[in-house]
Amino acid sequence: MKEKYSVFLGNVGSCSDRYCAAYGRSYSWEELFERAASIPYLSGVDLVLTPEVLESFEVIRKLLKASDLKAVSLAVDHFTQAKWKQGSLSSVDPSIRKEAVRDTMRAMDLAAEIGCDLVTVWPGQDGYDYLFQADYIRERTLFADGIREACRHRPDIRLSLEYKAKEPRSHCYVNSTAATLLMIQEIGEKNCGAVLDYGHALLGYENPAEAVAMLAKYGNRLFHVHINDNYRLWDDDMIVGSVHTLECLEFFYWLRRTGYDGWMTIDQFPYRENGRDAVAESAAWLHALEQKIAQMDSEIIEDVLRKKDGIAASRLMRRILFPEEK
């Protein structure tokens with residue numbers, strides 16, 4: 001079976017951080033597609049609908065067809081523009097909320113036009129920084145109302161909420177697996193689900209594998225996966241498996257056990273590394289670790305889970321990684 005691995009298109013180019021606009025040269029759309037298409041195991045791209053991408057959308061549409069890469073998800077830009085500084089869908093300004101809903105609907109329409117059935121919403125600006133700054137109930141209600149309106153605009157397109165504990169706000173409203181499930185429940189639309197970002201789960205001191213299980217148990221709401229790695233202190237967006245290798249194994253096991261058949265999008269920021277090569281390394285790690293789980297007898301894993309024995313669990317992890325050992 002062909003791997004369903006994707007990447008955010010810009011990640012194979014040069015990335016900026018808070019201090020340096022870019023550590024490498026800029027790349028044209030054609031070059032970015034060429035770099036993505038050259039990566040083994042990769043067969044899709046995700047796009048963030050920034051003003052620059054929208055301006056070049058016809059060019060990108062043609063390059064998608066020419067490259068044979070699938071558009072996996074279109075992400076709404078609710079975070080890079082100054083107008084969202086006090087929130088997008090949860091903004092207390094009705095005109096800003098209207099723009100946020102409109103942009104979400106436009107993303108859904110564009111997705112349908114290019115054969116993509118998934119739109120990602122990352123509400124990074126929807127939250128607060130100071131105590132007594134926000135009405136926690138009202139603003140969550142406004143957010144749910146906006147997402148519900150967008151969902152009803154196109155029931156044929158799935159709308160997926162990407163949660164994160166913090167950044168750019170010090171506190172985000174859609175901030176954990178449980179909070180996201182509650183929000184989805186309030187929205188009440190079948191085409192609303194969750195994006196599980198592996199690094200965001202780590203940052204929120206969640207276990208990514210348990211997050212998969214929760215999203216499966218409570219309504220089968222896992223629509224999309226972003227994959228990377230970090231040290232838990234920040235959303236470092238590093239090469240897959242470079243820090244939390246064992247957690248990756250359990251994560252892939254639970255994706256398999258719960259029947260997840262969606263895409264895994266490499267979402268990393270290789271600031272100082274060559275973007276194409278860093279993403280290729282992540283794709284290689286994904287393939288290698290998934291193969292380890294695929295080759296393991298699932299009944300052996302389930303037997304260890306039933307025992308609830310930490311030593312048996314440790315032994316199992318060694319057996320998955322080093323099957324030649326007794």
Please confirm whether the backbone N or O of [Y] pairs with a side-chain atom of [X], one donor and one acceptor, at under 3.5 Å?
X: Glu206; Y: Thr177; result: yes
X: Tyr218; Y: Gln185; result: no
X: Ser176; Y: Ala179; result: yes
X: Ser242; Y: Ile239; result: yes
X: Ser38; Y: Arg35; result: yes
X: Arg221; Y: Leu215; result: no
X: Asp126; Y: Ser90; result: yes
X: Asn228; Y: Asp267; result: yes
X: Asp229; Y: Met238; result: no
X: Glu139; Y: Tyr136; result: no

Hey, does [Y] have a side-chain heavy atom less than 4.5 Å from the side chain of [X]?
X: Gln86; Y: Val92; value: no
X: Ile157; Y: Leu118; value: no
X: Thr104; Y: Val101; value: no
X: Pro323; Y: Lys292; value: yes
X: Tyr253; Y: Leu305; value: yes
X: Val225; Y: Trp263; value: no
X: Tyr163; Y: Leu196; value: yes
X: Trp285; Y: Thr245; value: yes

Trace of the side chain to side chain donor-acceptor pair (under 3.5 Å) decision for Arg140 with Tyr173: CA-CA 7 Å; Arg140 280 184 168 88; Tyr173 285 142; 5.6 Å; no
Dump the intermediate steps for side chain to side chain donor-acceptor pair (under 3.5 Å) on Ser56 and Trp29, then the final yes or no. CA-CA 9 Å; Ser56 305; Trp29 295 119; 3.0 Å; yes
Salt bridge check, [Y] against [X]: does any charged N sit closer than 4.0 Å to a carboxylate O?
X: Glu302; Y: Arg257; answer: no
X: Glu290; Y: Lys4; answer: no
X: Asp93; Y: Arg97; answer: no

Which atoms form the tightest heavy-atom contact between [X] and [Y], and what is the distance?
X: Ala37; Y: Leu69; answer: N-CD1, 3.9 Å
X: Ile184; Y: Ala194; answer: CD1-N, 4.0 Å
X: Leu289; Y: Cys248; answer: CD1-CB, 3.8 Å
X: Ala22; Y: Ser14; answer: CB-CB, 4.4 Å
X: Asn191; Y: Cys151; answer: ND2-O, 3.1 Å

Can [Y] be reached from [X] by stepping across I, L, V, M, F, W or Y side chains whose heavy atoms are under 4.5 Å apart?
X: Met108; Y: Ile187; answer: yes
X: Val12; Y: Tyr5; answer: yes
X: Leu255; Y: Met214; answer: yes
X: Tyr205; Y: Leu233; answer: no

Under 6.0 Å between the ring centres of Phe251 and His244? no
May I ask you to check whether Phe79 and Trp84 place their ring centres under 6.0 Å from each other? no
For a side chain to side chain donor-acceptor pair (under 3.5 Å) check, start with the C-alpha distance between His287 and Glu3, then their side-chain angles and the critical distance, and finish with the verdict. CA-CA 8 Å; His287 174 74; Glu3 289 88 354; 2.6 Å; yes
So, Gln125 and His78: side-chain donor and acceptor under 3.5 Å apart, yes or no? no
Yes or no on side-chain contact (heavy atoms from CB on, under 4.5 Å) for Val48 and Thr80, after CA distance, side-chain angles and deciding distance? CA-CA 10 Å; Val48 182; Thr80 72; 5.6 Å; no
Give me the one residue out of Thr120, Asp46, Asp197 that meets side chain to side chain donor-acceptor pair (under 3.5 Å) with His224. Asp46
Run the numbers on Leu89 and Val121 for side-chain contact (heavy atoms from CB on, under 4.5 Å), then give the verdict. CA-CA 10 Å; Leu89 292 155; Val121 173; 4.2 Å; yes
Could you name each residue pair satisfying side-chain hydrogen bond (donor to acceptor under 3.5 Å, both in side chains) that touches residues 148-158, not counting sequence neighbours? Asp109-His153, Asp109-Arg154, Asp117-Arg158, Asp145-Arg148, Arg152-Glu189, Arg154-Asp156
A cation-pi test, strictly: NZ or CZ of Arg169 under 6.0 Å from the centre of the six-membered ring of Tyr128 and no more than 45 degrees from its axis. Yes or no? no
Please say whether the positively charged group of Arg25, taken as NZ for Lys or CZ for Arg, lies over the ring of Tyr27, i.e. under 6.0 angstrom from the six-membered ring centre and within 45 degrees of the axis. yes
Once you measure the plane-to-plane angle for His200 and Trp122, does it fall in the parallel (<30°), tilted (30-60°) or perpendicular (>60°) bin? tilted
Walk me through it: do Leu321 and Leu246 pass the test side-chain contact (heavy atoms from CB on, under 4.5 Å)? CA-CA 9 Å; Leu321 282 177; Leu246 291 174; 3.6 Å; yes
Between Asn230 and Val243, is the side-chain contact (heavy atoms from CB on, under 4.5 Å) condition met? List the steps. CA-CA 7 Å; Asn230 64 49; Val243 182; over 6 Å; no
